[in-house]
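Here is the structure we will look at, set down as structure tokens.
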Amino acid sequence: MLTLASKLKRDDGVKGSRTATTTSDSTRRVSVRDRLLVKEVAELEANLPCTCKVNFPDPNKLHYFNLTVSPDESYYQGGRFQFEIEVPDAYNMVPPKVKCLTRIWHPNITETGEICLSLLREHSIDGTGWAPTRTLKDVVWGLNSLFTDLLNFDDPLNIEAAEHHLKDKDEYRNKVEDYIKRYAR
């Protein structure tokens with residue numbers, strides 16, 4: 001990550017010495033995103049929940065990383081759930097794209113990895129969706145909370161999982177534990 005920060009500082013020095021800038025509009029947006037990410041990643045790493053780990057496959061690409069959530073309570077205790085997070089060029093005006101890579105039995109995450117988390121919505125009626133004031137830290141804390149206090153059976157994305165919990169909580173727990181054994185270890 002220091003590599004990207006150093007590169008951004010070096011690029012600033014080069015741009016400052018030029019008299020004419022030929023940077024396109026789309027390149028400026030990427031630059032704004034990358035500048036934000038340098039700050040946000042440092043803040044994220046300093047405030048990461050103890051149940052989360054972040055991995056940057058390429059430290060020069062802060063816009064793409066993986067998150068591992070290992071809940072220490074709830075139905076999902078003992079599992080390791082992998083998420084892929086991609087930050088688009090238009091960030092922070094639009095939210096990051098997030099996908100769960102671990103197959104899971106969860107009311108707010110489909111078995112194919114789609115996630116229902118209000119802060120990841122670009123437009124939200126209730127006002128809890130994405131806003132430019134939100135950061136990667138908010139996204140990571142939100143994903144972590146899907147396994148505890150934001151676990152929502154009343155407004156599910158995976159309706160089958162929510163109905164399963166409503167009908168038989170013990171059988172729901174057994175299915176979650178089976179998924180953890182098969183997919184989340």
Side-chain angles (χ1 to χ4, degrees), residues 1-16 26-104 106 108-110 113-122 124 127-152 180 183-185:
M1 284 163 282
L2 294 175
T3 308
L4 182 58
S6 301
K7 180 183 181 304
L8 289 172
K9 285 181 183 176
R10 191 172 50 246
D11 288 352
D12 276 350
V14 171
K15 284 181 185 173
S26 64
T27 305
R28 261 188 242 123
R29 275 194 307 207
V30 171
S31 180
V32 168
R33 175 197 66 184
D34 288 346
R35 288 175 200 282
L36 283 170
L37 290 178
V38 169
K39 292 175 189 171
E40 287 190 21
V41 166
E43 179 189 3
L44 172 63
E45 289 179 334
N47 297 292
L48 199 60
C50 63
T51 55
C52 295
K53 290 185 180 169
V54 178
N55 175 43
F56 292 87
D58 182 345
N60 288 312
K61 294 182 179 177
L62 298 182
H63 62 276
Y64 177 81
F65 63 97
N66 296 308
L67 171 71
T68 302
V69 178
S70 303
D72 58 4
E73 58 181 298
S74 83
Y75 292 115
Y76 302 94
Q77 183 175 359
R80 291 174 31 113
F81 304 94
Q82 306 287 325
F83 294 87
E84 175 183 75
I85 301 173
E86 188 169 351
V87 182
D89 290 343
Y91 182 79
N92 67 347
M93 298 309 290
V94 298
K97 305 294 180 213
V98 181
K99 181 174 183 171
C100 184
L101 302 176
T102 307
R103 192 165 175 200
I104 185 172
H106 192 291
N108 310 114
I109 304 172
T110 66
E114 297 169 274
I115 299 165
C116 180
L117 182 61
S118 60
L119 71 88
L120 294 176
R121 291 187 200 137
E122 200 165 338
S124 176
T128 60
W130 185 257
T133 55
R134 295 202 184 267
T135 66
L136 290 179
K137 182 180 81 166
D138 298 323
V139 172
V140 169
W141 279 86
L143 292 169
N144 186 58
S145 294
L146 278 178
F147 296 97
T148 55
D149 54 324
L150 291 182
L151 183 61
N152 186 350
I180 289 172
Y183 308 113
R185 294 268 178 192

Pairs touching residues 50-60 that satisfy salt bridge (Lys or Arg N to Asp or Glu O under 4.0 Å), sequence neighbours left out: none
State the CD1-CG distance between Ile85 and Asn66, to the nearest 0.5 angstrom. 8.0 Å
Can you tell me how the ring of Phe81 sits relative to the ring of Phe147, calling it parallel under 30°, perpendicular over 60° and tilted otherwise? parallel
Between Val94 and Pro88, the two heavy atoms sitting closest are CG2-CG, 3.4 Å
Contacts of Trp141 that satisfy ring-ring contact (aromatic ring centres under 6.0 Å, His included) - sequence neighbours left out: none
Nearest non-hydrogen partners of Leu117 and Gly142, listed with the distance: CD2-C, 3.7 Å
Listed partners of Asn144 passing side chain to side chain contact (heavy atoms under 4.5 Å, CB included), at least two apart: Pro49, Thr51, Cys52, Val69
To the nearest 0.5 Å, what is the distance between CG (Leu136) and CG (Leu48)? 11.5 Å
Could you measure the distance from the CG atom of Asn108 to the CG atom of Leu143? Nearest 0.5 Å is fine. 11.0 Å
Between atom CZ of Phe83 and atom CD1 of Ile115, what is the distance when rounded to the nearest 0.5 Å? 5.0 Å
Show the nearest heavy-atom pair for residues Lys137 and Leu44, with the distance to one decimal. CA-CD1, 3.8 Å
Can any side-chain N or O of Thr110 pair as donor or acceptor with the backbone N or O of Gly113 at less than 3.5 Å? yes
From Leu146 atom CG to His106 atom NE2, the distance as rounded to the nearest 0.5 Å: 5.0 Å
Going by heavy atoms in the side chains, are Pro95 and Arg121 under 4.5 Å from each other? no
Sequence neighbours excluded, which residues qualify as ring-ring contact (aromatic ring centres under 6.0 Å, His included) partners of Tyr183? Tyr179
Which pairs with one or both residues in residues 72-87 pass salt bridge (Lys or Arg N to Asp or Glu O under 4.0 Å), sequence neighbours excluded? none
For Val139 and Trp130, which heavy atoms make the closest approach, and how far apart are they? CG2-CZ3, 3.8 Å
Name all residues meeting the ring-ring contact (aromatic ring centres under 6.0 Å, His included) criterion together with Phe65; count only those two or more places apart in sequence or in a different chain, and write none if there are none. Phe56
Matching residue for Tyr91 among Glu40, Arg33, His63 - test: side-chain hydrogen bond (donor to acceptor under 3.5 Å, both in side chains): Glu40
Check: Gln82 main-chain N/O paired with Thr102 side-chain donor or acceptor under 3.5 Å: yes
Quick check for you: to the nearest 0.5 Å, what is the distance between Leu120 atom CG and Arg134 atom CZ? 9.5 Å
